[in-house]
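Presented below is the structure to which this report refers.
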Amino acid sequence: MKNCPACKTATLESKSLEAHLAASQCISCDGHWVRAEDYRSWLESGAQAETTIAPLLTVEDSMSAVFCPDCSQLMRKTNVGHDLNFYLDQCPCCQGAWLDRHEWSHLKSQNLHVQVHQMSSSAWQHKARQSRLRSTVRQAFANKLSSSDYSEAERIKKWLEVHPQKQELLSFFAASA
Ligand SMILES: [Zn+2]
Ligand SMILES: [Zn+2]
């Protein structure tokens, strides 16, 4: 019996996360521990096509340091990206992943549950940081502008992004009237 890496007060019990995806669950905080080899064999089995849709409930992301239940290494906080505002804890040594309560259903909602093994790569982390930065910037503008101005500005921005004369239009906007 291993102790839960997050709440540390309860032990982990074997419980599958999906059909054919073996995992351990904490009965106290409802987090899941998924070993890299179990995750890999689930991906290879093709059973991920059969996942069920679960309701999306708020994630309570544990921000404290989490140690791997298998090899006791300090786990890395992996930025999920894709506008999902939580981190996965991944073991740098055995590549196992700790999922806080409800994180799995949020990953499924974005079809990211089949890409957990790629998230610790530096390319993924770079993209995730960029996307987080962009959403912070968007949020800052959304707070400054009225909601109708903001949605109008978003509309123009989208139109401008793909416009072949983007530079000319930007100069036009910047030029004094
Ligand atoms: Zn727990
Ligand atoms: Zn480990």
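For the numbers below, each heavy atom of this structure counts, side chains included, while hydrogens, waters and symmetry mates do not. Given the structure is predicted, the values throughout are model-derived calculations rather than measurements. In listed order, ligands and their atoms are each counted from 1.
Ion pairing between Glu152 and Arg155 holds under the 4.0 Å rule for side-chain N and carboxylate O.
Ring geometry for Trp104 versus His113: interplanar angle over 60°, hence perpendicular rather than tilted (30 to 60°).
The side-chain heavy atoms of Leu88 and Lys77, taken from C-beta on, include no pair separated by under 4.5 Å.
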*Please walk me through it: do Trp124 and His82 pass ring-ring contact (aromatic ring centres under 6.0 Å, His included)?*
CA-CA 10 Å; Trp124 187 289; His82 296 258; 5.6 Å; yes
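With the Zn ion (ligand 1) as the vertex, SG (Cys7) and SG (Cys26) define an angle of 110°, rounded to 10°. Rounding to 10 degrees, one finds that the Zn ion (ligand 2) sits at the corner of an angle of 110° between Cys68 SG and Cys71 SG. Seen from the Zn ion (ligand 1), atom SG of Cys29 and atom SG of Cys4 lie 110° apart in angle, a value rounded to 10°.
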